Amino acid sequence: MSEQSEPLLAIRGLRTRFHTYEGVVNAVDGLDIEVFRGETLGLVGESGCGKSVTALSILRLLRCPPAEIQGQILFDGTNLLDLDQEGIRNIRGRDISMIFQEPMTSLNPVLTIGEQISETLRRHKDMTRREAWGRCVEMLRLVQIPGPKSRSKEYPHKLSGGMRQRAMIAMALSCNPRLLLADEPTTALDVTIQAQIMTLMVRLKEEFETSIVLITHDLGIIAEMASRVVVMYAGKMVEEAPVKELFKDPRHPYTQGLLGSIPVIGRKFDGGQRLQEIPGMVPNPLEMPLGCRFNPRCPRTMSICHQQEPPVVRLADHRRVSCWLEANKRDD
Amino acid sequence: MTDMALLEVRNLKKHFPVKKGILSRTVGYVRAVDGVSFSLRKGETFGLVGESGCGKTTVGRSILRLIEPTAGQVVFNGQDLLTLDVEELRQVRGSLQIIFQDPFSSLNPRMNVGKIIAEPIRNHLKDTKAQTRDRVAHLMESVGLHPDQMSRYPHEFSGGQRQRIGIARALALNPMVIVCDEPVSALDVSIQAQVINLLVELQEKMNLSYIFIAHDLSVVEHISDRVAVMYLGRIVEMATDRELYQNPQHPYTQALLSAVPIPDPEAGRQRILLEGDIPGPLNLPSGCTFHTRCPKRMEECSQKEPIFKDQGNDHWVACHLI
């Protein structure tokens with residue numbers, strides 16, 4: 001992650017809103033993030049914070065309308081939002097691919113694993129049926145599926161959850177994408193299987209030099225896999241930091257609350273059994289609070305928090321906080 | 001380990017028949033729970049962890065006879081629950097309650113919150129309407145809900161609030177034991193902390209005993225006094241919370257603990273990666289059921305079933321290595 005190099009992906013002022021019967025939902029509201037070559041960027045937040053919508057917006061997988069995407073998504077200099085259908089189709093699966101959370105619902109149940117993986121290869125790499133099949137078996141072997149030859153002729157329902165997730169990773173990596181969007185890739189899996197998949201992703205990332213945007217709510221996974229983290233809340237970035245700094249010195253009260261609310265093995269013996277909790281709940285997206293969106297739950301609100309949205313304070317390169325506490329510190 | 005036990009589960013088994021063909025003949029059994037024994041002491045939280053399909057939920061439901069177990073005993077207050085008839089069981093159920101995992105499907109969408117929480121009271125006690133109402137209001141306050149919300153319906157609440165409704169319903173009859181079946185796994189982390197804190201608070205206030213079933217090892221560690229690890233229908237290791245997490249003896253427990261991601265980027269760790277998936281429960285491996293994935297397997301593991309024995313200081317392990 002050198003400072004001079006151009007980012008592989010630069011999202012500038014992304015706004016994704018949905019027009020619904022009840023009103024307009026601003027799912028992502030002014031997001032700026034950058035992803036560099038070979039790095040893993042973690043995107044953390046609770047349900048409804050807009051992290052998945054961000055990924056779907058990058059690949060333009062949202063039906064518009066009801067969705068409306070504004071801003072810029074620059075991938076290697078091209079704005080993905082300016083491309084026509086054919087243009088974005090050439091990028092999906094070839095340059096940017098995605099791993100979804102639920103391997104059961106995101107694989108096609110009426111096509112065999114092999115057919116699904118070779119479809120991508122034949123579309124993007126102009127391979128013949130036979131070449132694609134060979135490559136597919138090779139990919140399945142790479143993700144450590146036992147008996148890849150016979151497995152590629154099987155349908156998704158015959159594979160276990162962990163195997164399906166492996167097949168999906170194989171599919172996502174089959175064209176050597178430069179960017180991989182992994183949306184909660186291990187959430188549906190058991191811990192021992194999760195450990196297998198995480199180890200696999202780290203290995204493949206190094207082998208293929210892929211950049212990863214890792215979307216998750218699990219701070220443990222972030223700590224182990226990401227090099228830089230963006231914390232989101234109610235459609236906005238609240239904090240960005242290199243992973244070590246985020247855990248050592250979280251600045252935003254929301255990040256602090258999140259870190260305090262997860263049970264850590266062994267901590268209760270010195271810290272007592274009470275977890276730090278964030279009171280209340282995520283605001284209704286149709287009735288966002290005035291000022292800072294976190295103010296109804298924040299333990300350190302000031303009067304300005306209820307009136308004005310906090311500015312994004314840049315503390316260093318890739319170290320940003322959107323909070324009045326930091327902004328006021330700056331002014332003093 | 002019997003003297004202080006409030007509830008004792010002895011050799012509990014649940015085998016589900018597998019039926020096939022036009023005559024639905026039984027072709028085999030899924031041994032979901034296969035000889036589980038443990039005891040729950042008064043005021044303690046007993047954690048039951050394991051991966052999906054290990055039988056932890058079936059254990060919880062069998063204790064309450066929401067699923068009829070195949071064999072075994074569940075002794076509560078000197079009575080074996082499995083021998084009771086329907087009316088006797090109904091009487092006991094007031095002191096044994098359950099909180100379910102999914103706050104969306106475990107509340108009747110056509111009943112308002114007041115009715116949901118009042119249902120156990122109306123079924124078991126002869127309270128007047130006014131008394132019931134007061135009691136429901138009181139219960140709602142004690143779980144952090146506003147009594148004004150009594151006439152609202154479940155869909156109007158968020159996941160965390162619904163779980164609070166489920167807890168209020170479980171508390172309605174002043175139970176002694178609550179089986180908590182993955183009560184926080186459907187919730188976001190910040191809400192999860194709220195519900196865990198609430199459960200701990202209520203336990204202190206009402207002297208409750210919990211059987212806490214979950215797959216998240218950190219959550220179980222946080223809330224439990226003693227923990228049992230299950231694998232394919234059996235308990236493989238059981239000890240006090242501190243002992244189990246600091247000194248795990250069974251290779252499965254060791255692998256499971258090493259697989260938990262630690263929320264600290266500077267924590268160095270050695271991960272034990274297990275090979276393969278959990279075997280299907282229809283054809284369990286011979287001998288020790290874990291031998292197909294065990295990194296330390298020996299020859300006898302595939303032949304002989306290990307005995308579940310006490311290592312001293314109440315640390316039980318079923319493994320040939322020990």
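To find a chain, count down the sequence lines: A is the first, B the second, and so on, and within it residues start at 1. Predicted model, so just to flag it, every value in this text is computed and none were measured.
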Shorter than 4.5 Å, heavy atoms on both sides: which option in [options] has the most such pairs with chain B?
options                      : value
A:Arg297, A:His217, A:Met198 : A:Arg297
A:Val191, A:Ile222, A:Asp190 : A:Asp190
A:Ile221, A:Ile278, A:Ile265 : A:Ile265
A:Arg274, A:Gln276, A:Met281 : A:Arg274

Partners meeting salt bridge (Lys or Arg N to Asp or Glu O under 4.0 Å) with B:Arg297 (sequence neighbours left out): none

Residues which pass side chain to side chain contact (heavy atoms under 4.5 Å, CB included) with B:Glu204, listed by chain and number, not counting sequence neighbours: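 Partners of B:Glu204 by the side chain to side chain contact (heavy atoms under 4.5 Å, CB included) criterion, ordered by chain and then number, come out as B:Val200.
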
Spacing of CG belonging to B:Leu273 relative to CG belonging to A:Leu200, to within rounding of 0.5 Å: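 Spacing of CG (B:Leu273) from CG (A:Leu200) equals 10.0 Å.
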
Under 4.5 Å from a heavy atom of chain B, the part of A:Thr199 involved: side chain

Which atoms of A:Leu258 approach chain B - backbone, side chain, both or neither, heavy atom under 4.5 Å: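 The side chain, not the backbone.
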
Close approach to chain A in residues 188-196 of chain B, criterion heavy atom under 4.5 Å: B:Asp188, B:Val189, B:Ser190, B:Ile191, B:Gln192, B:Ala193, B:Gln194, B:Ile196

Side-chain (A:Gln194) to main-chain (B:Ala259) donor-acceptor, under 3.5 angstrom: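 Between the backbone of B:Ala259 and the side chain of A:Gln194 there is no qualifying donor-acceptor contact (under 3.5 Å).
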
Main-chain N/O of A:Leu275 paired to B:Asn197 side chain as donor or acceptor, under 3.5 Å: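 Here the side-chain-to-backbone pair exists.
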
Heavy-atom side-chain proximity of B:Ser218 to A:Ile262 below 4.5 angstrom: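 Not in contact.
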
Which bit of [X] is near chain A, if near means a heavy-atom gap under 4.5 Å: side chain, backbone, both or neither?
X        : value
B:Glu266 : side chain
B:Leu274 : both
B:Arg293 : side chain

Options B:Val260, B:Ile272, B:Ile223, ranked by heavy-atom pairs under 4.5 Å with chain A, top entry: B:Ile223

Chain A interface, residue from B:Asp241, B:Leu257, B:Val220 that has the most non-hydrogen pairs under 4.5 Å: B:Asp241

Residues, nucleotides or ligands: over 12 heavy atoms within 6.0 Å of A:Lys244 NZ: no

Closest contact, heavy atoms only, A:Glu224 versus B:Pro261: OE2-CA, 3.4 Å

Shortest non-hydrogen contact from B:Ile262 toward A:Ala223: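 Closest approach of B:Ile262 to A:Ala223, heavy atoms only: O-CB, 3.4 Å.
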
Pairs satisfying ring pair (Phe, Tyr, Trp, His ring centres under 6.0 Å), at least one member in residues 236-284 of chain B, at least two apart: B:Tyr231-B:Tyr252, B:His250-B:Phe290, B:Tyr252-B:Phe290

